[in-house]
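Numbers restart at 1 for each chain; the letters A, B, ... are given by sequence-line order, proteins then strands.
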2 protein chains.
Amino acid sequence: MYSEQMIAPARHEPRLPVTGAGEGLAGLFRRQPCERFEPGAAVFWEGDAAAHLFQIAEGVLRVYKIIGDGRRVITGFLYPGDLVGLSLRERYLYTAEAVTKVRIRRLARSRFDEEVNASPTLRPELFARLSDEMAAAQDQMVLLARKSAEERVASFLLVLARRLSGDAPVQPVVELPMTRLDMADYLGLTIETVSRIMTRLTGRGVIAACGRHAIVVRQLSKLEFLAGEGDDGDHDPIGVAYTRQAVWPN
Amino acid sequence: MYSEQMIAPARHEPRLPVTGAGEGLAGLFRRQPCERFEPGAAVFWEGDAAAHLFQIAEGVLRVYKIIGDGRRVITGFLYPGDLVGLSLRERYLYTAEAVTKVRIRRLARSRFDEEVNASPTLRPELFARLSDEMAAAQDQMVLLARKSAEERVASFLLVLARRLSGDAPVQPVVELPMTRLDMADYLGLTIETVSRIMTRLTGRGVIAACGRHAIVVRQLSKLEFLAGEGDDGDHDPIGVAYTRQAVWPN
DNA sequence: CGGGGACTTGAGTACTATCAAGCGATGTGG
DNA sequence: CCACATCGCTTGATAGTACTCAAGTCCCCG
């Protein structure tokens with residue numbers, strides 16, 4: 001189902017600093033054995049009893065919901081260090097599926113609850129992670145409700161580029177382990193629209209392709225502007241007229 | 001700024017049952033004095049230091065974010081019993097503004113944190129509320145990413161109708177205290193599109209207008225179908241051809 | 001009764017979806 | 001080893017939904 005060459009997953013640390021003398025929430029998973037999932041394999045399904053939480057050791061996951069006639073919405077991509085299933089009720093709210101090869105650690109929900117309940121240092125961390133998740137969800141609502149296709153793609157690439165910016169090379173190589181269809185279902189677009197805009201961004205020199213599953217960001221500030229962070233609206237977005245040769249300030 | 005006649009706010013209890021012998025999270029606010037806000041007044045602004053949480057005693061709030069050139073996205077409407085600012089970091093993630101006249105109780109964040117930290121019954125409730133908020137956010141992402149304008153409006157009306165369904169009359173009167181512009185900014189549409197679809201739903205007998213800020217749901221099952229819960233996709237949505245007389249199964 | 005704001009309705013446009021080929025890389029079997 | 005099938009992606013042509021711009025109506029309120 002997913003026979004393309006493997007992409008090395010992005011390496012990054014959990015987003016939150018460890019709070020106490022322990023190792024934070026991530027530490028709870030440390031002793032758990034790693035399970036492996038091949039690309040396309042589901043870790044759990046929407047509607048399953050939410051018996052476990054997971055932490056990604058390696059690889060990338062997509063989480064999504066399906067509505068009736070097959071429409072799919074990817075609500076997020078998860079990277080090493082991220083916790084999966086934090087905001088759980090009785091049942092999982094979404095399906096989690098491996099994008100790349102994934103190694104993941106599992107912890108019983110009951111055990112997690114006990115540990116968190118017992119630790120005054122873990123509770124704020126859990127809370128902070130939930131707040132981060134909520135903030136991301138709201139940003140995504142903004143993107144989906146009010147941004148154009150080009151702004152959506154640019155925003156997406158920008159988030160990925162910033163994820164790496166710990167080592168911040170001038171022109172970071174951004175891995176895109178997911179398919180174009182995944183991107184489309186995340187951004188509320190079609191695969192064709194995503195493809196066209198990637199092509200357009202490449203043609204304008206904003207990004208450069210490194211194979212199909214990686215890009216180089218050549219003009220970060222332009223990408224930021226196209227993502228809708230320019231805020232003034234007095235510049236012309238690239239290729240609005242499709243034939244026009246836009247002239248860029250720098 | 002907002003001079004229309006007041007709508008009686010929907011009365012409903014907090015969504016979660018009180019967990020312990022106390023009164024749950026809501027009880028923390030009980031002794032706080034009520035503050036009043038007129039329609040259009042902001043309770044707090046995106047970016048303000050998040051020093052307080054709020055509980056709505058009466059009225060309806062909208063919470064929204066603005067991007068650059070004035071585009072607004074309403075991420076939610078909040079009703080009596082709801083807590084405002086739960087998922088907070090250092091600063092508020094959004095602006096909260098009164099839709100109707102609002103009475104609201106304020107609690108210092110530090111105080112709230114202390115109380116929750118000290119109470120093993122409040123913690124699960126807080127957690128459950130955050131999970132509910134997350135679930136709602138994900139549903140909204142699905143709506144914005146993949147639903148048509150008609151499905152969005154129908155979904156919205158359905159959620160409001162179900163909010164009342166504690167007393168479940170056969171044809172519930174649903175209050176719409178917000179303006180059409182609010183609805184549009186919540187649903188990722190324009191005011192004209194919302195208006196046209198409301199008109200279309202009225203014309204087809206799915207809903208009936210009760211003035212501009214209330215409707216009667218005449219055919220709940222049809223509304224559910226139009227909201228995209230019909231799941232089979234083999235029926236025709238109303239008025240797809242704009243001229244066609246659809247024949248409904250019942 | 002008149003003004004203004006919210007809402008509705010209409011006409012035309014534009015952006016993105018849909019439908020349809022074509023391309024390029026990968027993997028397989030003859 | 002190469003033809004061929006497959007899959008993911010790109011590109012092109014066309015169509016349709018929702019947006020934009022523009023009146024016009026309704027209702028509230030002074």
A.B. asks: Determine the contact category for B/Thr199: base if any of its heavy atoms lies under 4.0 Å from a base atom, sugar-phosphate if only primed atoms, P, OP1 or OP2 are that close, otherwise nothing.
C.D. replies: sugar-phosphate
A.B. asks: Can you tell me how far C1' of D/dA18 sits from CG of B/Asp185, to the nearest Å?
C.D. replies: 15 Å
A.B. asks: Between C/dT9 and B/Arg200, counting only base atoms on the nucleotide and side-chain atoms on the residue, is there a donor-acceptor pair under 3.5 Å?
C.D. replies: no
A.B. asks: What is the distance, rounded to the nearest whole Å, between atom CE of A/Met183 and atom P of D/dG8?
C.D. replies: 16 Å
A.B. asks: Would you mind reading off the distance between B/Glu150 atom CD and D/dT17 atom P, rounded to a whole angstrom?
C.D. replies: 11 Å
A.B. asks: What integer distance in Å separates B/Arg71:CZ from D/dC19:C1'?
C.D. replies: 13 Å
A.B. asks: Is there a side-chain contact between A/His213 and the phosphate of D/dC9, meaning an N or O under 4.0 Å from OP1 or OP2?
C.D. replies: yes
A.B. asks: Per the atom types in the model, does the base of D/dC21 pair as donor or acceptor with the side chain of B/Glu192 at under 3.5 Å?
C.D. replies: yes
A.B. asks: Using a heavy-atom cut-off of 4.0 Å across all strands, would you classify A/Gly211 as base, sugar-phosphate, or nothing?
C.D. replies: nothing
A.B. asks: Any idea how B/Phe77 and B/Phe156 line up, ring-wise: parallel (<30°), tilted (30 to 60°), or perpendicular (>60°)?
C.D. replies: tilted
A.B. asks: Under the side chain to side chain contact (heavy atoms under 4.5 Å, CB included) test against B/Val206, which residue among B/Val217, B/Leu220, B/Leu223, B/Leu157 passes?
C.D. replies: B/Leu223
A.B. asks: Rounding to an integer number of Å, can you tell me how far A/Arg180 CZ sits from C/dA25 P?
C.D. replies: 14 Å
A.B. asks: Of A/Leu181 and B/Gly188, whose closest DNA chain D nucleotide lies nearer the 5' terminus?
C.D. replies: A/Leu181
A.B. asks: For the residue pair B/Lys65 / B/Thr75, report whether a side-chain donor-acceptor contact shorter than 3.5 Å exists.
C.D. replies: no
A.B. asks: Take the protein atom CD1 of B/Ile197 and the nucleotide atom P of C/dG10, then report the distance between them rounded to whole Å.
C.D. replies: 15 Å
A.B. asks: Side chain of B/Thr179, heavy atoms from C-beta onward: which of C/dC7, D/dT10, C/dA17 has the nearest atom to it?
C.D. replies: C/dC7
A.B. asks: By nearest atom, which of the nucleotides C/dT16, D/dT11, C/dA11 is closest to the A/Arg196 side chain?
C.D. replies: D/dT11
A.B. asks: Rounded off to whole Å, could you give me the CG-to-C1' distance for the B/Leu201 and C/dT8 pair?
C.D. replies: 15 Å
A.B. asks: Looking across every strand, which nucleic acid part, if any, lies under 4.0 Å from A/Arg212 by heavy atom: base, sugar-phosphate, or nothing?
C.D. replies: base
A.B. asks: Using heavy-atom distances to pick each residue's nearest nucleotide on DNA chain D, tell me which of A/Met198 and B/Ser148 is more 5'.
C.D. replies: A/Met198
A.B. asks: Given D/dC19, is OP1 or OP2 found less than 4.0 Å from the side-chain N or O atoms of B/Thr190?
C.D. replies: yes
A.B. asks: Could you check how far CZ of A/Arg146 sits from C1' of D/dA18, rounded to whole Å?
C.D. replies: 11 Å
A.B. asks: So, is the end of the A/Arg106 side chain (NZ or CZ) under 6.0 Å from the ring centre of A/Phe54 and within 45° of the ring's axis?
C.D. replies: no
A.B. asks: State, with a plain yes or no, whether a side-chain heavy atom of A/Glu35 is found less than 4.5 Å away from one of A/Arg105.
C.D. replies: no
A.B. asks: May I ask you to evaluate whether B/Thr193 reaches the phosphate of D/dC19, defined as a side-chain N or O under 4.0 Å from OP1 or OP2?
C.D. replies: yes
